[in-house]
Amino acid sequence: LFRSIKRAFMQLIRQIPHSLTLVAMLASTAYATNGVNLIGTGAISRAMGGTGVAFYSNPAEAISKNPALMEKTKNSETIQVDLTYFDATVKSYIADEMPLNTDQVQTGYEGTSTGHLDQSFIPRVGYVTEVDDEMNFGFGFLGIAGLGVDHIENPQLRKMKSSMMLMQIVPAFSSTVNNVHFGFAPVLGFGSLSINYDEDPSKKNDKGVLFQSKRPGLFDTNIGGETLESAIGLKLGFAVDVDETFTFGGSFISPLKYEYQNIVNFEQFTLDGMMFEVNKFLENNRDPETGKIIVNETVQGVLDTIGGILGAATAIDAETFSTLTSSQLDAAAPTKENLDNLVLEQPWEAAFGFSYKPSKKLTMTVDVRHIAWASTEGYGDFGWQNQEVFAAGLEYRRGKIALRAGFNYAESPLKPYEEEGDSFGINLVDIQGHQVMRGALDMLNMVGFPAISTTHYTFGFGYDVSSKFEWNFAAVISPEAKTTRKGYYNPLGDLSLFGVTTSPLNYEYTTTMVQNSYTINMMYHF
């Protein structure tokens, strides 16, 4: 049996390119918890609040959170398989008073994410073997994180459809000196990302297909982006057994930098993009007989609004927009030729934790983790804040049965604005060379990447079928989380422009999310 398992793993390694296809299809669209990261990768850890820095539960969890813990495997060899099912409900509300929007958007609209992104699966495989009395080797094939929404049926939400998958292939090593364990693991990461967005839902290509929202995903599926990108990183960890009842440990995970290809036309979200949309609006009001733009009340309102936003000293003439500049043409609705790349770096993490056994039946675990979103390319550009994650878990064993419970909390990396100046929608934010308007960035964050879950209640149980085989179950319940980004476009507030009274143009994006997930695990000890 042992030789058969080893042959199976060697075959798995040789078949990695094909396996990636399957894992990408399964793992790419799961909602995550701490930002876009799963709170735990295995059923035991997830049942205990996602703890695992100083508590060994299974090979994949040790390889994921602290490779030093591989020394604590029960037997000389262990193999495990986990599968997590996610079920999330995400609703986004938009109220944007920009007169270019429809009446429904200006007064307020709520849409629910639908389709395959609401329900998904994440697989994980882990294996640990004892090299000698002081060293262990492990191999992990891990679904790590993901995010996605599908508003393709909601033109009011710009038909936003996002999908991201992250997985890792990790060989890991651990060594023991007396009561101190050390571990390190080189990481080969794979990621795929898409941000599909249609400012103009009526715009179609020569085949009658919307440019963005119908773009194919990974391996011609509707998941992820068109390409699979790779990144290299490292995990380091230590654990100290103070005595038979108390262990403490720490770990560090390096950043992994992914550059995703042909993601979105960021020029849509700049001032040039706004001018391009104004031009389209005015051109649609051009008299075919006279060739002149018909300046009715609605058109004049748009001109006055744009003049107020731009602080124009004189009235804006409709014919000013009859010719687009080259930069405004670059902001045209996305085509395959004008999509931009995006560097989205997974942040470094540092964690510390301990486990304590007040009795043979009871184990208590606590982890504290720092996730450095703000210092990364991509997430930092988008304004994500660092997270401090607090997790705790309990395990009670009686005979062959283990009962588990836990709690995990971290503030959302997407926080409401604290200072009024941050909510001016025309403020420009440098997103890797593109001067994106603050209001558009709020839309991308709140509608496209709503990583807003904060609180998680966890529980589960396990059963030792025999001394060699066990299975475990975990449930993670995350109650409704809600985040709002509000702002305004008109910097002058109430004013009178050219004899026309205008009022502040406000916008609001509010997203709510409820998520439940369930994990089943099987482990075999040789």
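Values in this document were obtained by computation on a predicted structure and should not be read as measured data. This chain uses plain numbering: 1 for the first residue, then up along the sequence.
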**Message:** Run N34 and N408 through side chain to side chain donor-acceptor pair (under 3.5 Å) and show every step you take.
**Reply:** CA-CA 9 Å; N34 300 145; N408 182 291; 3.2 Å; yes

**Request:** Kindly indicate, with the supporting measurements, whether the criterion ring pair (Phe, Tyr, Trp, His ring centres under 6.0 Å) is fulfilled by Y507 and Y489.
**Result:** CA-CA 8 Å; Y507 69 85; Y489 293 113; 5.1 Å; yes

**Intermediate values then yes/no, side chain to side chain donor-acceptor pair (under 3.5 Å), H181 and D241** = CA-CA 8 Å; H181 313 287; D241 295 326; 2.8 Å; yes

**Asked** salt bridge (charged side-chain N to carboxylate O under 4.0 Å, His left out) between D82 and R46: does it pass, once the steps are laid out?
**Response** CA-CA 11 Å; D82 281 88; R46 289 177 61 78; over 6 Å; no

**Prompt:** Could you walk me through whether M160 and N196 pass the side-chain contact (heavy atoms from CB on, under 4.5 Å) check?
**Reply:** CA-CA 6 Å; M160 172 66 74; N196 296 328; over 6 Å; no

**Asked** Are Y379 and Q346 close enough, and set up right, to give a side chain to side chain donor-acceptor pair (under 3.5 Å), and what steps lead you there?
**Response** CA-CA 8 Å; Y379 294 109; Q346 283 302 111; 3.1 Å; yes

**Request:** Begin with the C-alpha distance, continue with both residues' side-chain angles, and end with the deciding distance and a verdict on side-chain contact (heavy atoms from CB on, under 4.5 Å) for F459 and I477.
**Result:** CA-CA 9 Å; F459 62 90; I477 308 301; 4.3 Å; yes

**Item:** Stepwise side chain to side chain donor-acceptor pair (under 3.5 Å) test for T78 and T73
**Value:** CA-CA 7 Å; T78 299; T73 185; 2.9 Å; yes

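Within the 4.5 Å cutoff, the side chain of M513 has heavy atoms near those of the S453 side chain. Between L342 and V264 the shortest side-chain heavy-atom distance does not fall below 4.5 Å. Side chains of Q435 and V429 form no contact here, defined as non-hydrogen atoms less than 4.5 Å apart. In this structure, the side chains of P255 and W348 come closer than 4.5 Å at one or more pairs of heavy atoms. Taking 4.5 Å as the limit, some side-chain heavy atom of V343 sits within range of a side-chain heavy atom of K257. The shortest distance between side-chain heavy atoms of R438 and S423 does not fall below 4.5 Å. N341 places none of its side-chain heavy atoms less than 4.5 Å from the side chain of Y260. The side-chain heavy atoms of V240 and N179, taken from C-beta on, include a pair separated by under 4.5 Å.
Distance check: T519 OG1 to L38 CG gives 8.5 Å after rounding to the nearest 0.5 Å. In this structure, CG on L344 lies 8.0 Å from CD on Q432, to the nearest 0.5 angstrom. To the nearest 0.5 Å, atoms CD1 (I263) and OG (S162) are separated by 11.0 Å. The CG atom of N101 sits 4.5 Å away from atom CG of D96, with the distance rounded to the nearest 0.5 Å. Atom CE of M275 sits about 7.0 Å away from atom CG of L271, to the nearest 0.5 Å. The OH atom of Y85 sits 10.5 Å away from atom OG of S517, with the distance rounded to the nearest 0.5 Å.
The minimum heavy-atom distance between A451 and G35, with the atom names listed, is CB-O, 3.4 Å. Looking at every heavy atom in both residues, F449 comes nearest to L414 through O-CD1, 3.4 Å. Listed here is the closest heavy atom pair of G183 and P67: C-CG, 3.8 Å. Summarising the geometry of G191 relative to Y258, their closest heavy-atom pair is N-CE2, 3.6 Å, with the distance given to 0.1 Å. Annotation for G237 and N66: closest pair CA-OD1, 3.2 Å, computed over non-hydrogen atoms. When all heavy atoms of G448 and V149 are compared, the pair lying nearest together is O-CG2, 3.9 Å.
Donor-acceptor pairing under 3.5 Å is recorded for the side chains of Q387 and W373. Judged by distance alone, the side chains of E508 and N506 never bring a donor and an acceptor atom under 3.5 Å apart. A side-chain donor-acceptor contact under 3.5 Å links N472 and R404. No side-chain donor from either of T227 and Q261 sits under 3.5 Å from a side-chain acceptor of the other. Side-chain contact, E110 with S92: no donor N or O sits under 3.5 Å from an acceptor N or O. At a cut-off of 3.5 Å, with distance as the only test, a side-chain donor of E61 or T41 sits close to an acceptor on the other residue. Side-chain atoms of T454 and S412 include no donor-acceptor pair closer than 3.5 Å. Looking only at atom types and distance, the side chain of Y518 has no donor-acceptor partner in the side chain of D87 under 3.5 Å away. Side-chain contact annotation: S174 with N136, donor-acceptor N/O pair under 3.5 Å absent. Checking E349 against H370 by side-chain atom types alone, no donor-acceptor pair falls below 3.5 Å. Donor-acceptor pairing under 3.5 Å is lacking for the side chains of S175 and E134.
Under 4.0 Å is where a charged nitrogen must lie from a carboxylate oxygen, and between R369 and E388 no such pair does. Comment: D442 does not engage K486 in a salt bridge, judged by the lack of any side-chain N to carboxylate O separation of less than 4.0 angstrom.
The aromatic rings of F407 and Y409 lie parallel to each other, their planes meeting at an angle below 30°, with 60° marking the opposite boundary.
Applying the ring pair (Phe, Tyr, Trp, His ring centres under 6.0 Å) test to F184 and every residue at least two apart in sequence or in another chain returns F173. With sequence neighbours left out, D381 forms a salt bridge (charged side-chain N to carboxylate O under 4.0 Å, His left out) with no residue at all.
Without hydrogens or angle criteria, N154 side chain to Q156 main chain gives no donor-acceptor distance under 3.5 Å. Side-chain atoms of T51 come within 3.5 Å of backbone atoms of M48 as a donor-acceptor pair (strictly under, hydrogens ignored). Although no hydrogens or angles enter the test, the distance criterion places no donor-acceptor pair under 3.5 Å between the side chain of T376 and the main chain of P347. A donor-acceptor pair under 3.5 Å is formed between the side chain of K235 and the backbone N or O of S64. Within the 3.5 Å criterion, the main-chain N or O of F390 finds no donor-acceptor partner in the side chain of D367. Judged purely by atom type and a 3.5 angstrom limit, S355 has no side-chain atom pairing as donor or acceptor with the backbone of M364. Not a single donor-acceptor pair under 3.5 Å links the side chain of T510 to the backbone N or O of T484.
Ring centroids of Y93 and Y509 are separated by 6.0 Å or more, keeping the two rings apart.
Annotation: F137, atom CZ; neighbour count of heavy atoms from other residues, nucleotides and ligands within 6.0 Å is above 12. Few gaps surround CG on D430; more than 12 heavy atoms of other groups in view lie less than 6.0 Å from it.
A side-chain contact (heavy atoms from CB on, under 4.5 Å) with L142 is found for exactly one of I169, L166, I63, namely I63. Of the residues listed (H151, R485, R158), the one engaging V447 in a side-chain contact (heavy atoms from CB on, under 4.5 Å) is H151, and it is the only one.
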